[in-house]
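Structure record follows, encoded as structure tokens.
No hydrogens, no waters, no symmetry mates; every other heavy atom, side chains included, goes into these values. Throughout, numbering of the chain's residues begins at 1 and tracks the sequence. Model, not experiment: these values are computed from the prediction.
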Amino acid sequence: MLLTVGLAKKVFLGDPLSEYANPGFAAAAAGKAITTLEAWQGTLAFTFQIYFDFSGYTDMALGLALLFGIVLPQNFDVPYRAISLQDFWRRWHMTLSRFLRDYLYIQMGGNRRGLAMQLFALFATMALGGLWHGAGLTFVAWGVAHGLGLCAGVLWRRTGRTIPIVIGWAATFLFVVFTWVLFRAQTFEAALRIY
């Protein structure tokens with residue numbers, strides 16, 4: 001069942017969405033001006049394309065492993081329902097998130113050595129996580145943006161204030177959508193054209 005669901009996500013959702021995402025990003029990479037509608041179309045299409053592609057591949061791997069009696073860990077838990085950036089990273093690519101937490105964040109001191117060290121470890125972990133995705137500076141900028149967003153979340157939680165769930169969800173979703181532009185664009189110039 002997992003193999004079939006994963007294949008369906010990839011073939012019937014992820015692949016068709018690329019037809020809407022690619023033209024806008026290609027035009028931006030070529031230096032062409034794009035309309036607001038084209039920018040939103042490309043950005044939102046990529047937002048869901050990357051999810052359906054990646055979670056589809058993951059479901060296929062989980063299904064294939066089960067055919068051989070191997071149980072692999074779940075990797076996605078409806079990440080676009082997240083109500084904070086911290087919640088997003090607990091739901092998106094969970095195996096990588098755990099790896100980054102265990103082997104980078106905690107090893108740098110995590111939250112055990114004071115606020116300044118916690119913020120540094122969080123920022124550095126996400127910047128290195130961006131670099132892990134590719135050698136391009138846009139990947140690093142994507143990681144840096146998430147690192148800064150997570151640091152802002154830590155500081156906000158320390159105030160003791162709460163955000164209504166709907167506002168938390170909308171802010172998180174929009175942050176993730178806007179940062180996917182950095183992840184997908186080949187250059188900063190192309191990302192700026194999309195923005």
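- Asn111 places no side-chain N or O within donor-acceptor distance of the main-chain N or O of Gln118, the cut-off being under 3.5 Å.
- Between Arg81 and Arg91 the shortest heavy-atom distance is CB-NH1, 4.1 Å.
- Atom CZ of Phe175 sits in a crowded spot, with more than 12 heavy atoms from other residues, nucleotides or ligands closer than 6.0 Å.
- Looking at heavy atoms from C-beta onward, Trp89 lies out of side-chain contact with Leu100 at the 4.5 angstrom threshold.
- A tilted orientation is assigned to the rings of Tyr51 and Trp92, their planes being inclined by 30° to 60°.
- In this pair, Phe173 and Phe48 present their aromatic rings tilted. The plane angle is within the 30 to 60° band.
- Annotation for Phe139: atom CZ counts as buried by contact number, over 12 foreign heavy atoms lying within 6.0 Å.
- For the atom pair CG (Leu148) and OG1 (Thr179), the distance works out to 11.5 Å, reported to the nearest 0.5 Å.
- Expressed to the nearest 0.5 Å, how far CZ of Arg90 lies from CZ of Arg101 amounts to 9.0 Å.
- Shortest non-hydrogen contact noted between Gly42 and Ala21 is O-CB, 3.7 Å.
- Put simply, NZ on Lys10 and CD on Gln49 are 7.0 Å apart, with the number rounded to the nearest 0.5 Å.
- The neighbour count for Tyr195 OH, taken as heavy atoms of other residues, nucleotides or ligands under 6.0 Å away, is above 12.
- Each of Met60 and Ile50 belongs to its own hydrophobic cluster when Ile, Leu, Val, Met, Phe, Trp and Tyr are linked at side-chain heavy-atom distances under 4.5 angstrom.
- Partner of Gln74 under the side chain to side chain contact (heavy atoms under 4.5 Å, CB included) criterion, chosen from Asp77, Val71, Leu72: Asp77.
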Could you go through Leu137 and Thr187, starting from their C-alpha distance and side-chain angles, then the distance that decides it, and tell me whether this counts as side chain to side chain contact (heavy atoms under 4.5 Å, CB included)? CA-CA 8 Å; Leu137 289 178; Thr187 64; over 6 Å; no

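- Within 6.0 Å of CD on Gln186 lie no more than 12 heavy atoms contributed by other residues, nucleotides or ligands.
- Contact between Tyr20 and Ala45 at its shortest, heavy atoms only, is CB-CB, 3.7 Å.
- Under the 4.5 Å side-chain heavy-atom criterion for grouping Ile, Leu, Val, Met, Phe, Trp and Tyr, Val154 is connected to Met126 within one hydrophobic cluster.
- Scanning all heavy atoms of the two residues, the minimum distance from Arg113 to Met108 falls at NH1-O, 4.0 Å.
- One finds the CG atom of Leu7 at 10.5 Å from the CG atom of Asp59 (value rounded to the nearest 0.5 Å).
- Considering CG of Leu13 and CG of Asp53, their distance stands at 9.5 Å, rounded to 0.5 Å.
- When side chains are defined from C-beta on, Leu96 counts as touching His133, because their heavy atoms get closer than 4.5 Å.
- Side chains of Leu66 and Leu2 form a contact here, defined as non-hydrogen atoms less than 4.5 Å apart.
- The backbone N or O of Pro164 sits nowhere less than 3.5 Å from a side-chain atom of Trp169 that would complete a donor-acceptor pair.
- Considering Phe183, Trp40, Trp142 as possible partners of Phe178, the one that fulfils the ring pair (Phe, Tyr, Trp, His ring centres under 6.0 Å) test is Trp40.
- Using a 4.5 Å cut-off on side-chain heavy atoms (C-beta onward), Leu64 and Leu67 make contact.
- Hydrophobic clustering of Ile, Leu, Val, Met, Phe, Trp and Tyr side chains at less than 4.5 Å, counting indirect connections, unites Leu128 with Trp132.
- Proximity of Ile194 to Arg184: side-chain heavy atoms (C-beta onward) are nowhere separated by under 4.5 Å.
- Using a 4.5 Å cut-off on side-chain heavy atoms (C-beta onward), Arg112 and Ile106 make contact.
- Linking ILVMFWY residues whenever their side-chain heavy atoms come closer than 4.5 Å, directly or via other members, leaves Val144 and Phe188 in distinct clusters.
- Leu182 and Thr138 make their closest contact through O-CB, 3.2 Å (heavy atoms, listed as atom of the first residue, atom of the second, distance).
- With rounding to the nearest 0.5 angstrom, the OG1 atom of Thr125 is 10.5 Å from the CZ atom of Phe123.
- The shortest non-hydrogen separation linking Gly14 to Phe52 is N-CB, 3.8 Å.
- Atom CD1 of Ile165 has 12 or fewer neighbouring heavy atoms from other residues, nucleotides or ligands inside a 6.0 Å radius.
- Residues Tyr57 and Ile70 fall within the same hydrophobic cluster, defined by Ile, Leu, Val, Met, Phe, Trp and Tyr side chains chained together at heavy-atom separations under 4.5 Å.
- A heavy-atom distance below 4.5 Å is found between the side chains of Leu115 and Leu155.
- Annotation: side chain of His93 is in contact with side chain of Asn75 (closest heavy-atom distance under 4.5 Å).
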